[in-house]
S.K.: 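Sharing a structure here in structure tokens format.
The shown structure was predicted, so the numbers you read here are calculated from the model rather than taken from an experiment. Below, read A as the first sequence line, B as the second, and so on, with proteins coming before strands; counting in each chain starts at 1.
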2 protein chains.
Amino acid sequence: MNESHFSLDDLLLLLDVADAGSLTGAAQRRGVPLPTLSRRMTRLERDSGRVLFLRGKAGYALTAEGRALAAEAAELRAVRRRVALWADAGHGPAPVRITAGTWTSRHLARALSPGRNPLWLPLFLPSNAPLDLARREADIGIRNRPPDSSRLARRRLRRIGYAVYGSSAEVTGYVAQPDGPGLAASQRWLRAEHGDEIATTASDLRLCLDLALAGFGRVVLPCFAGDAETGLRRLSDPIAALAHDEWLVSHHEARHDPPVRAALDTIARTLSAAPPGDD
Amino acid sequence: MNESHFSLDDLLLLLDVADAGSLTGAAQRRGVPLPTLSRRMTRLERDSGRVLFLRGKAGYALTAEGRALAAEAAELRAVRRRVALWADAGHGPAPVRITAGTWTSRHLARALSPGRNPLWLPLFLPSNAPLDLARREADIGIRNRPPDSSRLARRRLRRIGYAVYGSSAEVTGYVAQPDGPGLAASQRWLRAEHGDEIATTASDLRLCLDLALAGFGRVVLPCFAGDAETGLRRLSDPIAALAHDEWLVSHHEARHDPPVRAALDTIARTLSAAPPGDD
DNA sequence: GAAATGACTTTCATTCATGAAAGTCAGTTT
DNA sequence: AAACTGACTTTCATGAATGAAAGTCATTTC
């Protein structure tokens with residue numbers, strides 16, 4: 001019924017007046033001219049249609065209904081404080097949303113040292129949902145092929161090779177993800193080539209790795225991930241059908257955002273310096 | 001360092017723009033003219049000294065730093081919603097702060113039926129601290145003598161009589177509060193008249209009652225409280241030295257506050273209708 | 001009992017924000 | 001290629017909020 005919303009700034013002043021107990025006190029503490037306070041509080045009462053203050057020679061005191069409103073608005077104090085801290089803090093790290101596959105995400109998470117990122121902070125989004133960079137659902141994506149949209153900036157990184165890994169050469173069978181839509185290319189390849197050798201499945205890729213480490217079967221992994229796993233040995237030549245380039249993708253305009261730009265640079269450096277998987 | 005605080009209303013608009021993804025969308029949803037939105041967001045950026053939005057043909061998108069600010073201000077959405085509910089809700093119960101002695105508080109808490117108080121809700125303040133009604137630390141007080149200040153409205157209620165109670169006539173000794181400042185008159189009388197018969201003490205008056213019910217000793221209680229306790233029997237005549245009138249006190253201006261006025265009326269009715277203690 | 005104090009309200013000129021309409025610009029449609 | 005569309009910015013006259021100073025009113029002090 002009521003469409004006229006209240007000014008949160010006025011509500012914040014109401015809290016200040018309530019704390020101070022008088023317009024004079026609140027005006028001094030907040031640096032707001034006293035007449036302005038008087039008018040804002042009166043307007044609040046007019047708009048709400050209720051008496052919020054008792055005006056007396058001692059000052060302004062909240063009525064019972066005023067206290068009810070103050071209780072609803074009490075959080076504003078905390079928000080003011082937090083925003084002021086944000087404003088004063090000299091450019092704390094800004095969150096940059098990154099979407100990448102499981103292994104690339106892990107690699108990045110290990111390679112980016114937190115101490116040396118004053119400008120940005122990586123924020124890894126869940127990699128299962130295919131996020132739309134054109135719709136700004138993420139700032140930076142790492143994909144296995146260049147994007148369709150012309151709005152997206154792209155940059156080729158290292159070439160990724162895949163191979164079969166296992167805890168030892170004696171291990172037979174494979175650990176795979178359960179079949180379903182949205183399966184990665186390496187998993188589709190595994191089901192096509194060795195579908196009858198799948199010993200067990202886990203929907204979480206990290207869990208597949210754990211199973212392989214425990215000897216439940218072999219896994220197909222990007223070489224940069226598999227080679228880095230001390231408990232695993234490479235058990236095959238690189239799989240030619242799966243080799244692909246890795247692409248760093250972002251919205252074209254996002255490159256004007258300093259934290260995103262810094263993140264792009266750092267990620268590009270990180271994922272190029274790494275020894276490329278064999279072709 | 002930064003003294004210029006931000007307008008919470010502008011921050012709320014920032015959240016709306018972030019949600020909508022464009023000024024146009026936010027302007028329609030919130031009923032704010034689009035030029036105003038443009039200016040407010042620009043001002044926010046100027047005041048914070050940071051780029052908060054990426055402006056593109058698709059609309060406004062938050063930068064990484066803009067998202068950091070939005071995270072700090074996210075609660076504002078909830079506050080807006082709660083305040084709007086408060087404004088729309090047809091006068092929900094307003095809290096009325098009441099300060100009274102232990103037994104009167106309990107009597108009131110039992111006598112006031114919660115279902116029939118659409119206008120106000122009793123809020124009992126801790127009765128140990130002597131709250132100053134003149135300084136508006138409470139809305140309504142129930143005292144054993146008329147107030148000093150002429151600023152306070154007063155109204156005489158029933159007369160309160162005191163007597164000695166115990167679980168049976170055979171019980172000897174007394175249960176009292178430990179000595180100290182701020183002791184009630186009945187406790188002072190007990191220490192003066194039967195100080196050498198005090199068997200045990202408890203700083204909480206309710207605990208004294210529990211001890212008396214368990215047979216640890218006798219207690220001095222207002223008759224309206226002692227008579228209502230089924231496990232207790234009156235073991236003495238009313239104590240003439242302790243009888244006093246009960247006074248309903250409030251700030252003079254508080255009577256212009258409808259919830260407080262309603263509470264005063266209800267309390268006065270409740271504490272007059274009750275059978276008065278003997279004189 | 002008159003003056004001073006404290007707390008708020010009112011007045012009024014000024015400043016600032018508003019909002020309707022016109023302007024810009026990039027991408028899309030015909 | 002020209003016109004259109006969508007999204008924002010700019011312009012400018014208007015209206016609203018501001019703030020300094022004067023005005024009220026009840027209490028406190030001398």
S.K.: Give a yes or no on whether a salt bridge exists between B/Asp245 and B/Arg143, defined as a side-chain N under 4.0 angstrom from a carboxylate O.
M.R.: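 So B/Asp245 does not pair with B/Arg143 through a salt bridge.
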S.K.: Can you check the A/Leu54 CG to C/dA7 P distance for me, whole Å?
M.R.: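 Spelled out: CG on A/Leu54 to P on C/dA7 is 17 Å.
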S.K.: How many Å lie between CG on A/Leu152 and C1' on C/dG27, as a whole number?
M.R.: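 That distance rounds to 16 Å.
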S.K.: Rounded to whole angstroms, how far apart are CG on A/Asp10 and P on D/dA16?
M.R.: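 Rounding to the nearest Å, CG of A/Asp10 and P of D/dA16 are 16 Å apart.
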S.K.: Does A/Tyr60 place a side-chain N or O at less than 4.0 Å from the phosphate oxygens OP1/OP2 of C/dT9?
M.R.: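 It does, given that an N or O in the side chain of A/Tyr60 lies less than 4.0 Å from OP1 or OP2 of C/dT9.
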S.K.: Looking at every strand, decide which applies to A/Leu37 at a 4.0 Å heavy-atom threshold: base, sugar-phosphate, or nothing.
M.R.: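 No contact.
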S.K.: Kindly say whether A/Asp257 contributes a backbone atom to a donor-acceptor pair with the side chain of B/Thr63 at under 3.5 angstrom?
M.R.: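 Flag not set: sc B/Thr63 to bb A/Asp257 has no pair under 3.5 Å.
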S.K.: For nucleotides 19-24 of chain D, read 5' to 3', which letter fits each nucleotide if B means a protein heavy atom sits under 4.0 Å from the base, S means only the sugar-phosphate is that close, and - means neither?
M.R.: BBB---
S.K.: Under 3.5 Å, is there a donor-acceptor pair between the side chain of B/Arg50 and the main chain of A/Ala87?
M.R.: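 Here the side-chain-to-backbone pair exists.
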S.K.: OP1 or OP2 of D/dT9 sitting under 4.0 Å from any side-chain N/O of B/Thr42?
M.R.: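 Looking at the OP1 and OP2 atoms of D/dT9, neither is under 4.0 Å from any side-chain N or O of B/Thr42.
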S.K.: Quick one: A/Leu34 CG to C/dT11 C1', roughly how many Å, whole number?
M.R.: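 After rounding, the reported distance stands at 15 Å.
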S.K.: Return the value, rounded to whole Å, for the distance between atom CZ of A/Arg43 and atom P of C/dT9.
M.R.: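 From A/Arg43 CZ to C/dT9 P: 15 Å.
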S.K.: What's the CD-P distance between B/Gln28 and D/dG6, to the nearest Å?
M.R.: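 Nearest whole value for this atom pair: 11 Å.
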S.K.: Which of these nucleotides, D/dT9, D/dC8, C/dA7, is closest to any side-chain atom of B/Arg55?
M.R.: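 For B/Arg55, the side-chain atoms sit closest to D/dT9.
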S.K.: Rounded off to whole Å, could you give me the CE-to-C1' distance for the A/Met41 and C/dC8 pair?
M.R.: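 Between C1' of C/dC8 and CE of A/Met41: 14 Å.
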S.K.: Is A/Ser38 near enough to C/dT9 that one of its side-chain N or O atoms lies under 4.0 angstrom from OP1 or OP2?
M.R.: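 Indeed, a polar side-chain atom of A/Ser38 lies that close.
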S.K.: Are any of the side-chain nitrogens in A/Glu45 or A/Arg55 under 4.0 Å away from the carboxylate oxygens of its partner?
M.R.: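 Looking at A/Glu45 and A/Arg55, the cut-off is met.
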S.K.: With DNA chain D as reference, determine whether B/Leu23 or A/Arg40 sits nearer its 5' end, using the nearest nucleotide of each.
M.R.: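 Of the two residues, B/Leu23 wins.
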S.K.: Would a 4.5 Å heavy-atom cut-off, applied to side chains only, mark A/Asp16 and A/Arg80 as touching?
M.R.: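 A/Asp16 reaches A/Arg80 side chain to side chain.
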S.K.: Of all residues at least two apart in sequence or in a different chain, which pass the side chain to side chain contact (heavy atoms under 4.5 Å, CB included) check with B/Ile142?
M.R.: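 With neighbours one apart ignored, the set is B/Ala100, B/Thr104, B/Leu108, B/Glu246, B/Leu248, B/Ile267, B/Leu271.
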S.K.: Check for me whether A/Arg261 meets the cation-pi criterion with A/Trp120, that is, NZ or CZ under 6.0 Å from the six-membered ring centre and within 45 degrees of the ring axis.
M.R.: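 No, a cation-pi geometry is absent between A/Arg261 and A/Trp120.
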